[in-house]
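See structure below.
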Amino acid sequence: MDKSTFETKPVINGRMHASLKHDSAHKHVTGTAEYIDDIPEPAGTLHGGLGLSDRAHAEIVSIDLSAVKAAPGVVCVLTAEDIPGFNDVASTGQHDEPLLATREVQFHGQIIFAVIAETRDQARRAAKLAKIEYNDLPHWTDIDGARENGAPNVVEPMVLKRGEPETEIENAPLRVKGHMYIGGQEHFYLESHIAFAIPGEDDEVTVWSSTQHPSEVQHMVAHVLGVANNAVTVMTRRMGGGFGGKETQGNQFAALAAVAAKKLKRAVKFRPDRDEDMSVTGKRHDFRVDYDVAFDEEGRIHAVDATYAARCGFSADLSGPVTDRALFHADSSYFYPHVHLVSQPLKTHTVSNTAFRGFGGPQGMVGGERMIEEIAYAVGKDPLDIRKLNFYGQPGSGRTTTPYHQEVEDNVVARIVEELEASCDYQSRRRAILEFNANSPVIRKGIALTPVKFGISFTMTAYNQAGALVHIYNDGSIHLNHGGTEMGQGLYVKVAQVVADTFQVDIDRVKITATTTGKVPNTSATAASSGSDLNGMAAYDAARQIKERLIDFACRQWQVNRSQVEFLPNRLRIGGEIVPFDTFIRAAYYDRVQLSAAGFYKTPKIHWDRKAGRGRPFYYFAYGAAASEVSIDTLTGEYMVDRTDILHDVGKSLNPAIDIGQVEGAFVQGMGWLTTEELWWDASGRLRTHAPSTYKIPLASDRPKIFNVKLAEWAENAEPTIGRSKAVGEPPFMLAISVLEAISMAVASVADYAVCPRLDAPATPERVLMAVERLKARG
């Protein structure tokens, strides 16, 4: 073989920025990917069932569990008295979320006891036999009910203020007040919550948990057992979806399994069915946004005053940071010269709502876009013109300060919107739609182009850290472990690409292993879109340490300078010699070079003072834009998404194929949230949309009939993130706001675009029809 050809051969399958397949894709489609319920059960494994409240709010007068204990196959019934440590799984340290209810239940479906039986079916059947007497107490399940009853806040509200909104809102030429309801959303992951606990010797226990936050499960299990964290090991290889629902909600199942396993000295598994999972675990927060926006005749915003009230459920869970992030994104992509924003995290007698993709940001952004829409109809302009008029400016423009006093330094939203507007032929299509609507008595069309600006980082500064562990074995194979969890989003392959790229080896050399608290401690949740940012940098740090040692070894062994050592695809050039990677690694091992390293990364620059409402909570912003076209039937309210065009900024993509898939999936999931997915509680406080028969996620047939998705190939993160990439998990979710806005335009056509339709979300066919009839009634 020609030597020059050999030396310039590219890495076959191990580069950053390459479109590599998901590491488990072939296992997903063939059914060989191992989830927790696929793990072979040890002999004697027991199964758990849940004893649930059938009251929304009540005192427990008496509990008779005799029939439960006598049921076939029942080994044990756990109540709060059986908890050896603390009856508390509150993630925030507020101690407001008991593992098992005792004297009071605060939502329909709260867990009161757990049945441990030989089979899952026996446990579930036995749990139905309990006799519980209640003394009913007043309850409320929605935001308006909470306000009417003077409900407390589950956490301290946050206030953001800049400028002089009190006076400026009065001085502007025009002003609009209104409110908007924004519905919640069920996570509806393919794999429900599940935990599998295996007792060890002394105080030890190992828990396999479907969780985005193994370290928190470790801490909660230890807390409930009354043992140190080092006695608990939590393992997570993959989840069948998470979307935020497995950040805190898995704590209760893992804790119950661990308590039962240690008590009975047998392996115990908890796997609720879909109805139970939907009833006892939290969802996306519902919001009511009350807004007061002042502007001029051109549509330029002068001042905004808004309150974001949320249905939080019976305990705090993550409602504090969720409602905070809603305020952080109430500006959407727009500069508010004078602004006052307040959160209202209200207690309700429903399951505690929790993290969901976007973490409050989507609700904040929908409220911001509603204000833009109100202005557009008030001044008789295309909402896109109002959007562009109010975008944040470039540094030095005087229009770069957010309501939380962070400067927007990396603004590319105007360029993205301009490019998408041209590439999707927005203007001519809008003109055609206006003409179509003028001549169509039943079917009406709408089109909207909406932007996304989403802040990246945990707003709790301490969570912006990650660790990783990299080993190179003496045959040249590489072992990678980090604190991030894989829920189908492609995190594992992206981080493996970082390691493979650092050593210039094929990705097949890198073995990606299950996330475990026994290898990388004190990890943050795989959330806030920061999985690749944090874990990629931590893995790079570990690989860099080993690489530096290897270069030092090469210099010493071959008697060359550092500049003469070069990592090439699957080999090294050392001076004038080419050495295969595995041969080189074996030589380093025999020279006693340490081939293992623990990496660490913490996000720089960020800081946040919640009480003062100012700081830099986000390291950078991710941007995007979507243009959606819809058709509605004004006689039925039914609608169809005809076309969507997306241009999204992921910086310099670590893996374009994975990222495009994330954008597509996020958009469809966001579209479901804003159109078909409706949560409904009846008068007794029972969730009635608790199964696929009553809760409608989008189908493949609901996707846009024409669906064009592109990444902004020119984009590169201004901050030194891993490979200059940007987060992709959450930001594209909000691209779906374009669908809601397009439906709104179609509805507005019924009244000749004279008024804002004020369409609440989700815009179900029923809600669309009611809006159409309301506008028709205006004459």
Whether Arg614 side chain and His405 backbone form a donor-acceptor pair below 3.5 Å: no
Trace of the side-chain contact (heavy atoms from CB on, under 4.5 Å) decision for Arg387 with Glu369: CA-CA 9 Å; Arg387 292 187 169 99; Glu369 295 298 337; 2.7 Å; yes
Over 12 non-hydrogen atoms of neighbours within 6.0 angstrom of CD in Glu713: no
Side-chain donor-acceptor pair present, Asp533, Thr721, cut-off under 3.5 Å: no
Donor-acceptor pair between Asn464 and Tyr619 side chains, under 3.5 angstrom: no
Pair Glu373-Ser744, side-chain donor/acceptor within less than 3.5 Å: yes
Test ring pair (Phe, Tyr, Trp, His ring centres under 6.0 Å) applied to His338 - qualifying residues, sequence neighbours left out: none
Backbone of Ser440 reached by a side-chain donor or acceptor of Arg444 within 3.5 Å: yes
Side chain to side chain, Ile456 and Pro731, heavy atoms closer than 4.5 Å: yes
Arg430 side chain vs Ile447 backbone, donor-acceptor pair below 3.5 Å: no
Polar contact flag, side-chain donor to acceptor under 3.5 angstrom, His285-Ser319: yes
For Glu407, all residues meeting side chain to side chain donor-acceptor pair (under 3.5 Å), sequence neighbours excluded: Thr400, Thr401
Ring pair (Phe, Tyr, Trp, His ring centres under 6.0 Å) partners of Phe391, counting only residues at least two apart: Tyr334
Separation of Gln212 CD from Lys246 NZ (nearest 0.5 Å): 8.0 Å
Would you mind writing out the side-chain donor-acceptor pairs for residues 659-667 within the sub-3.5 Å range, not counting sequence neighbours?
| unit_1 | atom_1 | unit_2 | atom_2 | d |
| --- | --- | --- | --- | --- |
| Asp659 | OD1 | Lys494 | NZ | 2.5 |
| Asp659 | OD2 | Ser653 | OG | 2.6 |
| Gln662 | OE1 | Arg357 | NH2 | 3.4 |

Side chain to side chain donor-acceptor pair (under 3.5 Å) against Asp290, all qualifying residues, sequence neighbours excluded: Arg147, Arg288
side-chain hydrogen bond (donor to acceptor under 3.5 Å, both in side chains) assessment of Asp410 paired with Tyr623: CA-CA 10 Å; Asp410 59 354; Tyr623 299 91; 2.8 Å; yes
All pairs passing ring-ring contact (aromatic ring centres under 6.0 Å, His included) where residues 632-655 contributes a residue, at least two apart: none
NZ/Lys381: more than 12 non-hydrogen atoms of other groups inside 6.0 Å: yes
Partner residues of Phe458 under the ring pair (Phe, Tyr, Trp, His ring centres under 6.0 Å) criterion, sequence neighbours left out: Tyr463
Reference residue Leu740; test side-chain contact (heavy atoms from CB on, under 4.5 Å); the match among Ile182, Val630, Val366: Val366
Set of residues satisfying side chain to side chain donor-acceptor pair (under 3.5 Å) with respect to Arg325, sequence neighbours excluded: none
Flag for Tyr404-Asp331: side-chain donor and acceptor within less than 3.5 Å: no
Pairs where residues 355-377 contributes a residue and the test ring-ring contact (aromatic ring centres under 6.0 Å, His included) is met, not counting sequence neighbours: His187-Phe356
For Ala432, side-chain contact (heavy atoms from CB on, under 4.5 Å) partners two or more places apart: none
Residue Glu166 excluded, over 12 heavy atoms near CD under 6.0 Å: yes
Thr689-Thr694 side chain donor-acceptor pair, cut-off 3.5 Å: no
Which residues share a side chain to side chain donor-acceptor pair (under 3.5 Å) with Glu170, sequence neighbours left out: Arg175
Results of ring pair (Phe, Tyr, Trp, His ring centres under 6.0 Å) for Tyr695 - residues two or more places apart only: none
Salt bridge (Lys or Arg N to Asp or Glu O under 4.0 Å) assessment of Arg616 paired with Glu719: CA-CA 14 Å; Arg616 179 176 175 156; Glu719 299 294 344; 3.3 Å; yes
Minimal non-hydrogen separation, Arg311 against Asp142, with atom names: NH1-CA, 3.8 Å
